[in-house]
S.K.: 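Before I ask anything, here is the structure I am working with.
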Amino acid sequence: MSVNFRIIAIDGPAAAGKGTLARALAKHFGFAYLDTGALYRAVGLAVLRAGGDPADTRAAIAAAEALDDSLLDDPALRSEEAGRAASIVAAMPEVRTKLLEFQRKFANEPPGGLPGAVIDGRDIGSVVCPQAEVKIFVTASAETRARRRTDELEERGESADFGAVLADIQARDARDEARSTSPLIKAEDALLLDTSNLDIEGAFRAALDSVNRAQDILDAKDRVESE
Ligand code: DC
């Protein structure tokens, strides 16, 4: 399949289903996949493991500078504790700057010589890769996201209280949206995909539709330019 785009940026709030979608799109197009939330989680977790406080800017910057790639596959990254710590360190401009370089390098030179990258996060279409040819903003109601997160935790055998998960998601949304550096925002040219009433398959088909539409627009632009 020949495509005329190299970067698919997927943004949206916590637990909207970005990761599942991004992975499926990466597989479909043979692109590399980067979960940028894992980078912030790795920084938060490194601070916690060193016995520090994620709100301590100096400790967070040091952890971002020493970021160890191998931590990106650590199952502990998925814990609610790591998510909370990630959301705190993600509000620090110095931490964001440190992680920016890693993300842009991944986008410009996808590992394994792959022809493109699917990158998910909060500010990919707006800040990290504003040049991405395809941008999708994935969202769902806070209740839907809390239900999915609760089910996910239960499936993993962890105890989960819906009310507490919902409160946590709302607090995280507020922090992600209110921070002054790179707040969670839909890029103007991103396509909005609300997955509240879609299952995984439905969300994937809708995302693929969005990508195809973006490809049609790029094709038309190419035709006009070559005329
Ligand atoms: O998507 P996630 O839950 O793994 O993200 C963890 C935290 O990292 C979340 O609170 C927001 C932050 N984050 C960010 O600020 N920018 C990104 N590109 C990705 C994640």
Side-chain angles (χ1 to χ4, degrees), residues 7-23 26 33-48 54-55 57 60-61 63-64 67 71-107 117-130 132 135-140 142 144-146 148-153 156 158 160 165-187 190 193 195 203:
I7 303 173
I8 301 181
I10 311 238
D11 290 301
K18 300 184 300 286
T20 310
L21 253 188
R23 256 188 297 272
Y33 166 59
L34 177 65
D35 164 12
T36 62
L39 301 174
Y40 292 94
R41 285 171 181 264
V43 172
L45 191 63
V47 174
L48 292 174
T57 310
I61 295 172
L67 182 68
L71 210 63
L72 298 179
D73 298 318
D74 192 320
L77 288 188
R78 297 293 122 214
S79 68
E80 293 298 285
E81 205 191 6
R84 252 191 310 274
S87 158
I88 296 168
V89 301
M92 301 169 181
E94 301 90 336
V95 169
R96 302 200 71 85
T97 306
K98 291 273 170 253
L99 299 184
L100 199 55
E101 201 181 314
F102 181 98
Q103 298 171 76
R104 289 199 171 142
K105 185 163 191 300
F106 190 100
V118 183
I119 305 187
D120 84 36
R122 302 292 190 288
D123 60 340
I124 310 306
S126 55
V127 174
V128 178
C129 299
K135 300 181 187 179
I136 305 177
F137 191 85
V138 184
T139 189
T144 305
R145 292 184 282 130
R148 289 180 188 157
R149 186 51 59 91
T150 309
D151 291 349
E152 206 179 283
L153 289 168
R156 286 211 305 256
E158 289 176 41
V165 173
L166 177 60
D168 198 56
I169 280 191
Q170 285 167 331
R172 215 175 306 168
D173 283 356
R175 262 203 302 270
D176 291 348
E177 285 163 12
R179 67 168 178 249
S180 49
T181 313
S182 299
L184 169 65
I185 190 169
K186 176 186 162 303
L193 176 57
T195 66

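In listed order, ligands and their atoms are each counted from 1. The first residue of the sequence shown is numbered 1, and numbering continues consecutively from there.
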S.K.: Report, as yes or no, whether the 6.0 Å neighbourhood of atom CD1 on Ile185 holds more than 12 heavy atoms from other residues, nucleotides or ligands.
M.R.: no
S.K.: Using a 4.0 Å cutoff against the non-hydrogen atoms of Ala90, which atoms of ligand 1 qualify?
M.R.: 12 (C), 15 (O)
S.K.: What residue and heavy atom of the protein are closest to atom 7 (C) of ligand 1, and at what distance?
M.R.: Ala86 CB, 3.6 Å
S.K.: With respect to Arg96, determine whether any N or O atom, backbone or side chain, lies less than 3.5 Å from an N or O atom of ligand 1.
M.R.: yes
S.K.: Considering only heavy atoms, which of Arg84, Arg172, Arg122 lies nearest to atom 13 (N) of ligand 1?
M.R.: Arg122
S.K.: Would you check whether Asp176 has a nitrogen or oxygen atom less than 3.5 angstrom from a nitrogen or oxygen atom of ligand 1?
M.R.: yes
S.K.: Among all protein heavy atoms, pick out the one at the shortest distance from atom 8 (O) of ligand 1; state its residue, atom name and that distance to 0.1 Å.
M.R.: Tyr40 CB, 3.6 Å
S.K.: State the atoms of ligand 1, each with its element, that fall below the 4.0 Å cut-off from a heavy-atom position in Ser87.
M.R.: 10 (O)
S.K.: I'd like to know if Arg84 and Glu81 make a salt bridge, using a cut-off of under 4.0 Å between side-chain N and carboxylate O.
M.R.: no
S.K.: Please verify whether a non-hydrogen atom of Arg179 lies at under 4.0 Å from ligand 1.
M.R.: yes
S.K.: Can you list the residues that meet the side-chain hydrogen bond (donor to acceptor under 3.5 Å, both in side chains) rule with Arg41, with sequence neighbours excluded?
M.R.: none
S.K.: Starting from atom 19 (C) of ligand 1, which protein heavy atom do you reach first, and at what distance in Å?
M.R.: Thr36 OG1, 3.3 Å
S.K.: Does the distance from a Lys or Arg side-chain N to an Asp or Glu carboxylate O, for Asp168 and Arg149, drop under 4.0 Å?
M.R.: no
S.K.: Looking only at heavy atoms, which two atoms of Ala203 and Leu193 are closest? And how far apart?
M.R.: O-CD2, 3.9 Å
S.K.: Compute whether any side-chain donor of one residue and acceptor of the other, for Thr20 and Arg148, lie under 3.5 angstrom apart.
M.R.: no
S.K.: Which of the numbered atoms in ligand 1 are below 4.0 angstrom from a heavy atom of Arg41?
M.R.: 2 (P), 3 (O), 4 (O), 6 (C)
S.K.: Working to the nearest 0.5 Å, report the span between CG of Leu39 and CZ of Arg96.
M.R.: 10.5 Å
S.K.: Looking only at distances, please establish whether an N/O atom of ligand 1 is found under 3.5 Å from an N/O atom of Arg78.
M.R.: no
S.K.: Show every donor-acceptor pair shorter than 3.5 Å between a side-chain atom in residues 85-95 and any protein atom, with sequence neighbours excluded, or say none if there are none.
M.R.:
unit_1: Ser87; atom_1: OG; unit_2: Arg175; atom_2: NE; d: 2.5
unit_1: Ser87; atom_1: OG; unit_2: Arg175; atom_2: NH2; d: 3.2

